[in-house]
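In what follows, a structure is listed as structure tokens, so that the remarks can point back to it.
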Amino acid sequence: MLRMSTLLLRTLRDDPADAEVASHKLLVRAGYVRRVAAGIYAWLPLGYITLRNIERIVREEMDGAGFQEVHFPALLPREPYETTNRWNEYGSDLFRLQDRRGNDYLLGPTHEEMFTLMVKGEYSSYKDLPLSIYQIQTKYRDETRPRSGIIRGREFVMKDSYSFDLDDAGLATSYEKHRVAYEKTFTRLGMKYNIVSAVSGAMGGSRSEEFLAPCPTGEDTYVLCEKCGYAANVEAMITKVAPYSGVAPAAMEIFDSPNTPTIDSLVDLLNTKFAPGHQASDTLKNVLLVADGQAISVLVPGDREVDLKRLQANLPGVQELRLFEDGDFAKHPGLVKGYVGPQDAKKLGITVYADPRVVLGSHWITGANQKDKHVRFVTHGRDFDVEKFIEAAEVKAGDLCPECATPVIIDRAIEIGHIFQLGRKYAEALDLTVLDKDGKSKVVTMGSYGIGVSRAVAAIAEQTYDEMGLCWPREVAPADIHIVATGKDDEPFNVAEKFAQELEQAGLRVMLDDRRDASPGVKFKDAELIGIPFIMVVGKGLADGKVEFRDRKSGEKSEFAVDAALATIIATINQA
RNA sequence: CGGGGCGUAGCGUAGUGGCUAGCGCGCCUGCUUUGGGAGCAGGAGACCGGGAGUUCGAAUCUCCCCGCCCCGACCA
């Protein structure tokens with residue numbers, strides 16, 4: 001039983017000055033967490049109970065799916081991360097340190113290497129697979145900018161699991177088992193979430209999905225179709241377009257267009273020079289970039305920008321991507337800034353990618369590759385070709401769902417889980433092989449799966465809080481019921497104590513506000529701020545033989561006779 | 001890493017060169033009060049982020065450093 005008279009808890013009346021988002025403000029005000037350093041938080045009793053509740057639920061669902069729990073140190077030697085090159089790849093996000101002998105160590109940001117090595121050390125036969133193992137562990141990432149309280153910290157608790165299979169079909173099965181286990185977990189955590197396709201990269205068959213908890217303060221943007229439920233990362237959104245159905249236009253026609261280096265100025269010119277009614281989407285924007293030293297062009301309709309993140313995600317293998325600068329134009333005299341068109345790309349040695357909206361047969365108004373000249377009726381397939389279609393145009397609300405063609409919305413969310421078919425990258429680097437049926441050595445294929453456990457505390461808070469304070473789902477809450485005793489006589493306190501013990505005997509987790517010196521107003525405010533789902537008040541109603549029972553979320557209040565209250569309350573809570 | 005802002009008691013803050021750094025919350029003592037963050041009286045608690053400098057005099061001005069927050073870049 002949690003007794004407020006002795007609980008290490010001091011609620012704050014004012015929002016902390018360094019907090020911006022609701023979960024941060026409330027978790028601090030309600031005495032769940034305290035900041036220790038940027039992105040590093042200490043958990044007070046209420047917060048730690050909540051965190052452990054989430055861990056427990058995650059653990060139960062992982063165990064229920066047949067995954068085995070292990071535990072690695074946070075402090076790890078350099079060598080395995082050297083082997084996979086992540087000692088370098090991770091850059092300054094990695095916390096590195098040295099022991100007294102000057103040997104390099106790191107604080108684990110994630111544990112693929114260690115899990116791979118653990119399996120390598122124990123198993124060597126296909127008969128041992130499949131295997132899925134997990135841990136709940138404190139991770140360290142020296143984020144350049146920790147933010148939003150415990151949503152993005154430098155130290156955080158994560159559940160990470162890894163699956164090991166002989167072949168792709170096995171991996172798909174393990175992946176699916178994790179997916180199902182995650183759905184159960186987040187449902188039990190009382191969270192709203194969407195499963196969103198993430199960019200899988202070019203590795204054949206690899207698949208990746210994120211579990212996103214929608215909430216306005218979330219830092220991830222994603223696309224959602226409210227009709228069919230299609231959801232995708234902005235990077236992974238697929239543009240579906242119909243084949244070109246118009247008639248073939250006349251031959252290309254160059255026209256004068258002085259001082260029209262921008263799409264807007266071009267549209268104005270078209271509407272005066274030719275017929276009114278031209279739109280930016282009739283024009284073709286040629287965005288020039290340098291990808292690992294190679295000049296490339298990305299064609300998008302004139303009303304769209306190129307989303308660099310999306311482009312990079314869909315150009316696997318490209319490390320460095322940047323827009324053309326003046327120096328690049330100088331190197332390519334055939335390209336006239338503001339007047340670029342794709343029709344001479346081959347001659348100029350530029351690789352052309354196109355947004356799928358630039359369908360074969362469609363024709364466009366675009367630059368003529370001459371100063372102060374544009375050209376119209378430039379037709380894909382006749383006047384220019386593209387290397388391939390690429391998803392690089394910015395995604396806008398109202399774009400059509402690739403599944404059901406309904407306009408999509410763009411929403412914000414907190415990433416709370418990620419499942420990923422890793423493939424053989426780590427197994428190959430660390431030489432994790434097993435012998436198959438024929439006695440041949442085969443590289444194992446892996447999946448990795450994460451849940452942000454401490455982040456879930458904040459994400460749940462974000463999704464459930466109201467103007468009075470936190471408002472936890474029952475399984476997550478630090479207690480099932482918060483009993484408030486009010487008055488100056490002993491009686492309400494004695495009655496509350498008795499209820500507390502009986503409810504506890506009935507298997508409920510009880511928090512009892514047995515403070516004799518706090519006023520009723522303070523106790524009510526605290527109860528609402530702390531956010532335990534049910535509140536029982538033992539106070540002035542006792543004179544009429546009654547106690548009060550409140551549902552924190554709905555605000556609904558009822559009164560029960562003292563002798564009937566226990567059974568009713570137990571029943572109500574247990575069916576909640 | 002670029003841009004912006006902020007550091008005064010546990011928390012929120014006032015104080016732009018001049019007396020012993022002020023107020024609210026919280027905390028301690030006493031009295032009173034007990035259904036919506038009570039009242040009165042008394043009290044404890046601050047090397048004003050750190051260092052150097054200017055000045056008769058610095059929380060206040062200057063320089064350097066450190067820390068924190070926000071926007072952006074970044075984030076298997």
Side-chain angles (χ1 to χ4, degrees), chain A residues 8-21 24-25 28-31 34-40 44 81 84-86 89-94 108-113 115 139-149 151-154 156 158 160 162 198-201 203 206 208 210 217 219-220 235 308-309 312-313 322 415 418-423 425-426 429 446-450 452 455 468-469 484-493 513 515-529 535 537-543 546-548 550 557 559:
Chain A
L8 174 55
L9 170 71
R10 199 101 301 161
T11 58
L12 304 177
R13 209 177 280 212
D14 301 311
D15 283 335
D18 60 359
E20 200 74 15
V21 301
H24 188 196
K25 288 180 185 171
V28 171
R29 275 189 57 208
R34 292 287 180 258
R35 194 182 64 76
V36 171
I40 302 177
L44 286 124
Y81 287 78
T84 56
N85 198 33
R86 287 214 293 185
E89 253 175 29
Y90 236 101
S92 27
D93 275 10
L94 198 62
T110 170
H111 283 74
E112 278 81 358
E113 285 82 352
F115 275 78
K139 307 286 189 194
Y140 297 86
R141 293 183 194 175
D142 193 1
E143 299 273 356
T144 41
R145 184 149 94 83
R147 70 179 84 175
S148 309
I151 293 177
R152 175 183 290 276
R154 295 193 293 171
F156 56 97
M158 177 166 152
D160 50 327
Y162 305 87
V199 177
S200 50
M203 319 273 208
S206 79
S208 170
E210 289 174 3
T217 49
E219 47 181 0
D220 287 17
E235 285 79 10
L308 276 179
K309 256 174 116 170
Q312 177 127 35
R322 60 173 177 83
E415 181 184 343
H418 194 169
I419 53 178
F420 187 57
Q421 297 193 4
L422 263 186
K425 178 180 170 187
Y426 291 93
M446 294 170 57
S448 82
Y449 316 88
R455 176 179 281 185
M468 294 189 291
V484 174
T486 67
K488 59 177 173 181
D489 303 324
D490 289 343
E491 203 203 349
F493 288 87
D513 194 343
R515 292 176 293 176
R516 295 300 293 251
D517 49 357
S519 72
V522 168
K523 293 182 177 184
F524 294 145
K525 291 284 186 206
D526 277 350
E528 284 147 2
L529 178 62
I535 299 167
V537 183
V538 183
K540 72 173 186 192
L542 272 188
K546 297 212 165 129
V547 293
E548 194 178 312
R550 305 180 185 178
K557 297 180 186 179
E559 285 203 322

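Note on naming: letters A, B, ... go to the chains in the order of the sequence lines (proteins, then strands), and numbering restarts at 1 for each one.
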Would one find a side-chain N or O of Arg13(A) under 4.0 angstrom from OP1 or OP2 of C11(B)? no

Whether Lys488(A) contacts U34(B) is assessed here as follows: a side-chain N or O lying under 4.0 Å from the phosphate OP1 or OP2. Is that the case? yes

Starting at CG of Asp14(A) and ending at P of C23(B), how long is that distance when rounded to a whole Å? 17 Å

Are His111(A) and Lys139(A) side-chain neighbours, meaning at least one heavy-atom pair lies under 4.5 Å? yes

Nearest to the side chain of Glu20(A), heavy atoms from C-beta on, is which of G35(B), C68(B), C70(B)? C70(B)

Would you check if Thr486(A) and Lys540(A) make a side-chain contact, meaning some heavy-atom pair closer than 4.5 Å? no

Without hydrogens or angle criteria, can the side chains of Ser208(A) and Glu210(A) be said to hold a donor-acceptor pair below 3.5 Å? no

Rounded to whole angstrom units, what separation is found between the CD atom of Glu89(A) and the P atom of C74(B)? 17 Å

Tell me what Met158(A) touches on the nucleic acid: a base, only sugar-phosphate, or nothing, going by heavy atoms under 4.0 Å. base

How would you label the contact of Arg35(A) with the nucleic acid (heavy atoms, under 4.0 Å): base, sugar-phosphate, or nothing? sugar-phosphate

Picking from A76(B), G36(B), C74(B), which would you name as closest to the side chain of Thr144(A)? C74(B)

Let me know, please, whether Asp220(A) or Asp526(A) comes out on the 5' side of the other along RNA chain B by nearest nucleotide. Asp526(A)

Report the base-pairing partner of C61(B) (Watson-Crick or G-U wobble, both distances below 3.5 angstrom), or none. G53(B)

Any base atoms under 4.0 Å from Arg322(A), or only sugar-phosphate, or nothing? Heavy atoms, all strands. nothing

Complementary nucleotide for G45(B) - Watson-Crick or wobble, under 3.5 Å: none

Select base, sugar-phosphate, or nothing to describe what Gly91(A) touches, counting heavy atoms under 4.0 Å on all strands. nothing

Answer with base, sugar-phosphate or nothing: what part of the nucleic acid does Glu415(A) contact at a heavy-atom distance below 4.0 Å? nothing

Does the side chain of Thr110(A) reach to within under 4.5 Å of the side chain of Tyr162(A), using non-hydrogen atoms? yes

Side chain of Thr11(A) (C-beta onward), nearest among C11(B), C68(B), G37(B): G37(B)

Do the non-hydrogen side-chain atoms of Leu529(A) and Met468(A) ever get within less than 4.5 Å of each other? no

Quick one: does Arg29(A) reach the base of G37(B) with a side-chain donor-acceptor pair under 3.5 Å? yes

Using the P atoms only, state how far C40(B) lies from G24(B), rounded to an integer number of Å. 10 Å

Looking across every strand, which nucleic acid part, if any, lies under 4.0 Å from Ser92(A) by heavy atom: base, sugar-phosphate, or nothing? nothing

Both distances under 3.5 Å, Watson-Crick or G-U wobble: report the partner of C6(B), or none. G67(B)

Does any donor-acceptor pair link the side chain of Glu528(A) with the base of G37(B) at a separation under 3.5 Å? no

Between G26(B) and U13(B), how far is it from one C1' atom to the other, in whole Å? 14 Å

Please compare Glu112(A) and Val522(A) by the position of their nearest nucleotide in RNA chain B and report the one closer to 5'. Val522(A)

For U20(B) and G10(B), measure between their C1' atoms and round to the nearest Å. 24 Å

Less than 3.5 Å between a donor and an acceptor, one on the side chain of Ser519(A) and one on the base of G37(B), is that the case here? no

Separation of the P atoms in G49(B) and C68(B), to the nearest angstrom: 16 Å

Roughly, in whole Å, what's the span from CZ in Arg515(A) to C1' in G26(B)? 12 Å

Under 4.0 angstrom, heavy atoms only, what part of the nucleic acid is Val537(A) near: base, sugar-phosphate, or nothing? base

Nearest whole angstrom, please: distance from the P of U13(B) to the CG of Asp15(A). 10 Å

Out of C68(B), G36(B), A76(B), which has the shortest distance to the side chain of Arg154(A)? C68(B)

For nucleotides G15(B) and C28(B), find the distance between their C1' atoms and express it as a whole number of Å. 27 Å

Would you mind pulling out the nucleotide paired to U20(B), Watson-Crick or G-U wobble, both distances under 3.5 Å? none

How close do Val484(A) and Phe524(A) get, counting heavy atoms only, and between which atoms? CG1-CE2, 4.1 Å

Classify the nucleic acid contact of Ser448(A) as base, sugar-phosphate or nothing, counting any heavy atom under 4.0 Å across all strands shown. nothing

Can you tell me, in whole Å, how much space there is between the C1' of U16(B) and that of A59(B)? 10 Å

May I have the distance from Ile151(A) (atom CD1) to C69(B) (atom C1'), rounded to whole angstrom? 15 Å

Here the distance between atom C1' of C70(B) and atom NZ of Lys25(A), to the nearest Å, is 13 Å

With sequence neighbours left out, the residues meeting side-chain contact (heavy atoms from CB on, under 4.5 Å) with Lys557(A) are Glu548(A), Arg550(A)

Using atom P in both nucleotides, what's the gap between A46(B) and U8(B) to the nearest angstrom? 15 Å

For atom CD of Glu235(A) and atom P of C74(B), their distance in whole Å: 10 Å

Euclidean distance for C1', C56(B) against C61(B) (whole angstrom): 16 Å

So what's G72(B) paired with, Watson-Crick or G-U wobble, going by both distances under 3.5 Å? C1(B)

For C69(B), take OP1 and OP2 only and decide whether either is under 4.0 Å from a side-chain N or O of Arg147(A). no

What is the nucleic acid contact for Glu548(A), judged by heavy atoms within less than 4.0 Å: base, sugar-phosphate only, or nothing? base

Test: Asp513(A) and Arg515(A) ion pair at under 4.0 Å: yes

For the side chain of Ala38(A), counting heavy atoms from C-beta on, which of G37(B), C69(B), G26(B) is nearest? C69(B)

Above 12 or not: heavy atoms from other molecules or residues under 6.0 Å from NZ of Lys546(A)? no

note: Met446(A), atom CE; A76(B), atom C1'; distance rounded to Å ~ 12 Å

Both distances under 3.5 Å, Watson-Crick or G-U wobble: report the partner of G30(B), or none. C40(B)

